[in-house]
Colleague: 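Pasting a structure here, questions to come.
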Number of protein chains: 2
Amino acid sequence: MEHSANVLDLNLLRRSCSSCALNELCLPAGIGRDDLTRLDGTVRDKRMLERGGVLYRDGDPFKALYVVRSGSLKTFVQNEAGDTQILGFHLPGEIIGFDALASDRHASQAEALERSSICELPYAQLQQVTSEVPALHRQLMRVISREVVEEHRHLVMMGRQQAQEQLAIFLKSLADRYERLQRDGAALTLTMSRYDIANYLGLVVETVSRLFSRMEEMGVLEVNRKAVRILRPDLLADLCRNGYPAGSRRNDAS
Amino acid sequence: MEHSANVLDLNLLRRSCSSCALNELCLPAGIGRDDLTRLDGTVRDKRMLERGGVLYRDGDPFKALYVVRSGSLKTFVQNEAGDTQILGFHLPGEIIGFDALASDRHASQAEALERSSICELPYAQLQQVTSEVPALHRQLMRVISREVVEEHRHLVMMGRQQAQEQLAIFLKSLADRYERLQRDGAALTLTMSRYDIANYLGLVVETVSRLFSRMEEMGVLEVNRKAVRILRPDLLADLCRNGYPAGSRRNDAS
DNA sequence: GCCTGCTGTTGACCTCGGTCAACCAAGCGA
DNA sequence: TCGCTTGGTTGACCGAGGTCAACAGCAGGC
């Protein structure tokens with residue numbers, strides 16, 4: 001698995017947008033063949049990051065948007081006191097860096113969770129191309145909007161009280177994204193630490209650890225360090241809806 | 001206060017973007033005078049909403065973006081079971097509706113918290129103008145990006161454990177936004193219910209109520225139903241940093 | 001090999017905030 | 001004027017999840 005991934009990386013590095021395996025998931029989705037080659041020209045760098053490598057830091061001047069080509073990253077913010085909040089984990093095909101559009105500086109940090117390759121889309125050039133290709137402009141807006149919707153989902157998750165439900169939703173979301181990438185959605189590789197997961201969900205690491213154990217006892221998962229196998233997707237889906245078939249109402253707004 | 005706001009509304013309704021009081025806060029910020037008049041043409045409707053009036057629902061086809069001109073709104077999502085999560089409260093100058101860009105349908109609902117007037121920006125026309133005016137295109141991206149950054153702030157807040165800290169941050173954020181609007185940031189009018197505040201923060205209404213009482217006892221606030229006066233902005237700022245000068249470390253990610 | 005440090009797991013304990021319930025004040029229609 | 005409803009406050013209780021602590025399993029350095 002690890003091995004074949006490396007081979008794949010090398011192949012990807014040689015390719016262009018037009019023939020990239022992520023074509024339908026990435027910015028090019030829905031763009032005509034001819035326009036695609038123009039987009040190709042803007043993709044300057046295909047950067048490699050090692051585990052722990054930083055793509056951009058909070059405060060860095062905005063230069064480009066980035067597409068995850070292989071591997072995975074986390075994005076997070078830190079306050080003055082050093083408290084961290086993880087905003088998201090990013091798999092291949094996902095675009096990051098939008099937060100910098102607002103103020104020309106990044107408002108978060110992006111860090112590789114494993115060896116990852118990144119496509120860099122210099123914004124100046126991207127803007128040039130989008131102004132010439134309206135479909136791409138629309139597509140870019142779509143992608144940013146997806147980001148907003150995704151954050152909504154994160155908020156809803158954190159707003160719920162049941163920790164088990166939160167973890168279930170997190171795993172389900174990862175599984176769904178694996179399948180979009182044609183990977184086996186039942187065999188997850190958690191490239192992020194338990195600390196990262198806990199932070200992302202607004203819990204502490206002990207709680208997350210206990211939840212993994214409990215879900216294993218329930219026969220939902222098989223947990224082996226970073227490797228998590230979903231044995232009973234049906235039960236996992238139930239847990240996402242609060243553990244019991246009948247939905248439970250919460251502190252609904254007036 | 002109520003009275004003068006109404007007078008202002010009528011004035012605003014007569015005005016165009018070029019002379020709108022929100023000019024510098026809204027989409028037109030940083031756009032040249034001549035380009036502004038073209039934007040003016042796209043602002044079709046100036047809708048009025050009564051308290052509880054719905055601007056758009058989850059699933060509605062995407063037609064336009066909306067600028068709050070006066071009043072205030074809340075946006076929220078609801079799952080199948082009817083659980084609600086409030087995503088944000090929106091004051092004049094703020095633009096909503098971006099969530100629909102991703103899939104051509106709104107993924108949330110927007111509802112007026114009081115009598116509010118709204119500028120409607122039909123997306124088809126807006127797109128036309130942005131393609132002709134690159135600065136406006138850039139500005140639109142900026143605004144969406146602000147939305148992303150704002151959601152990050154919301155996430156950070158919900159990820160913290162101290163309920164009191166959350167409410168302090170919420171009030172501080174409202175005060176800051178009041179001042180951007182040239183209003184008195186110490187005299188807040190909470191147009192949303194306690195239930196809405198609780199839901200927004202991921203708490204229950206009783207907790208919010210207790211926190212208001214506690215902050216009043218501490219001499220930070222003066223609470224009178226919907227009217228909240230910030231007596232000690234310095235103390236409020238302290239509460240935002242956990243209530244004590246020295247920052248406390250939390251479940252920071254590895 | 002052996003030490004050291006980091007990540008993850010498990011247990012015991014306790015606290016913050018959720019739950020349930022009673023009650024009050026304001027708004028509204030009859 | 002009186003109910004009735006809705007929104008908000010306060011109290012008593014309790015449990016989910018946070019805290020503290022001990023320890024196991026690996027990985028890296030030498």
Side-chain angles (χ1 to χ4, degrees), chain A residues 2 50-52 74 83 86 113-114 157-168 170 189-217 221-228 239 242-244 248-254, chain B residues 2 50-52 74 83 86 113-114 157-168 170 189-217 221-228 239 242-244 248-254:
Chain A
E2 282 295 305
E50 297 302 322
R51 177 183 156 77
K74 64 176 173 184
D83 295 346
I86 294 192
L113 293 166
E114 62 187 316
M157 194 164 56
M158 300 232 319
R160 299 174 186 240
Q161 79 289 24
Q162 295 281 19
Q164 181 170 272
E165 191 180 346
Q166 287 188 60
L167 186 61
F170 168 70
T189 307
L190 303 181
T191 54
M192 67 295 290
S193 72
R194 299 288 195 263
Y195 286 87
D196 285 338
I197 298 173
N199 183 290
Y200 178 73
L201 299 175
L203 303 170
V204 293
V205 65
E206 292 95 329
T207 304
V208 170
S209 187
R210 272 185 258 268
L211 288 172
F212 272 120
S213 304
R214 200 199 297 175
M215 287 188 183
E216 198 165 21
E217 275 167 32
L221 305 176
E222 186 182 279
V223 183
N224 197 331
R225 268 183 91 62
K226 305 240 165 238
V228 170
L239 293 181
N242 226 329
Y244 309 97
S248 80
R249 46 151 198 47
R250 267 304 306 302
N251 52 341
D252 291 348
S254 65
Chain B
E2 282 294 306
E50 295 304 321
R51 177 183 156 78
K74 64 176 174 184
D83 295 346
I86 293 192
L113 293 167
E114 61 188 316
M157 194 166 55
M158 300 235 318
R160 298 175 186 236
Q161 79 290 21
Q162 297 280 22
Q164 181 171 270
E165 192 181 345
Q166 288 187 60
L167 185 60
F170 168 69
T189 307
L190 304 181
T191 54
M192 68 294 291
S193 72
R194 299 289 195 264
Y195 286 86
D196 285 337
I197 298 173
N199 183 291
Y200 178 74
L201 299 174
L203 303 169
V204 293
V205 66
E206 293 93 329
T207 304
V208 170
S209 185
R210 272 185 257 269
L211 288 172
F212 272 119
S213 304
R214 202 200 294 173
M215 287 189 183
E216 197 164 20
E217 275 166 32
L221 306 177
E222 186 184 282
V223 184
N224 197 333
R225 266 182 91 63
K226 304 240 165 239
V228 170
L239 292 181
N242 225 329
Y244 308 99
S248 78
R249 42 137 200 57
R250 267 304 309 299
N251 52 341
D252 289 351
S254 66

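In what follows, every chain begins at residue 1, and chains take the letters A, B, ... in the order their sequences are listed.
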Colleague: If I compare all heavy atoms of A/K226 with all of A/M192, which pair ends up nearest, and what's the gap?
Modeller: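 So the two residues come closest at NZ-O, 3.2 Å.
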Colleague: Nearest-Å distance, CG (A/L211) to C1' (D/dA16)?
Modeller: 11 Å
Colleague: Mapping A/V208 and B/Q166 to their closest nucleotides on DNA chain C, which lands nearer the 5' end?
Modeller: A/V208
Colleague: Does A/R210 contact C/dG8 through a side-chain donor or acceptor facing the base, at a distance under 3.5 Å?
Modeller: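 Absent.
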Colleague: Does A/T207 put a side-chain nitrogen or oxygen below 4.0 Å from OP1 or OP2 of D/dA16?
Modeller: no
Colleague: Rounded off to whole Å, could you give me the CE-to-C1' distance for the A/M192 and C/dT7 pair?
Modeller: 15 Å
Colleague: To the nearest Å, give me how far apart CG (B/L201) and P (C/dG17) are.
Modeller: 12 Å
Colleague: Please give, in whole Å, the distance from C/dT9 P to A/Y195 OH?
Modeller: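 It works out to 10 Å between those atoms.
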Colleague: Indicate the atoms forming the closest heavy-atom contact of A/Q166 with A/L203, along with that distance.
Modeller: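 So the two residues come closest at NE2-CD2, 4.1 Å.
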Colleague: In this structure, how many angstroms lie between the P atom of D/dT9 and the CZ atom of B/R214, rounded?
Modeller: 14 Å
Colleague: What is the distance, rounded to the nearest whole Å, between atom CZ of B/R225 and atom P of D/dT6?
Modeller: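 Rounded to the whole Å, the gap is 15 Å.
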Colleague: Does B/K226 put a side-chain nitrogen or oxygen below 4.0 Å from OP1 or OP2 of D/dG8?
Modeller: yes
Colleague: When rounded to the nearest 0.5 angstrom, what is the spacing between CD1 in B/I197 and OG1 in B/T207?
Modeller: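 Spacing of CD1 (B/I197) from OG1 (B/T207) equals 12.5 Å.
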Colleague: Whole Å only: how far is the CG atom of B/N199 from the P atom of C/dG18?
Modeller: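 Distance check: B/N199 CG to C/dG18 P gives 12 Å.
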Colleague: Between A/V208 and A/R194, what is the shortest heavy-atom contact and its length?
Modeller: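 So the two residues come closest at CG1-CD, 4.2 Å.
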Colleague: So, is B/R194 near the phosphate of D/dT9, with a side-chain N or O under 4.0 Å from OP1 or OP2?
Modeller: yes
Colleague: Nearest whole Å is fine: how far is D/dG8 P from B/L167 CG?
Modeller: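 Computing the B/L167:CG to D/dG8:P distance gives 14 Å.
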Colleague: Distance criterion of 3.5 Å, no angle test: do you see the side chain of A/E206 paired donor-to-acceptor with the base of D/dC20?
Modeller: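 Counting by modelled atom types and ignoring angles, a donor-acceptor contact under 3.5 Å is found here.
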Colleague: Taking the side chain as every heavy atom from C-beta outward, state whether B/Q164 and B/R214 have any pair of such atoms under 4.5 Å apart.
Modeller: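 SC-SC contact between B/Q164 and B/R214 confirmed.
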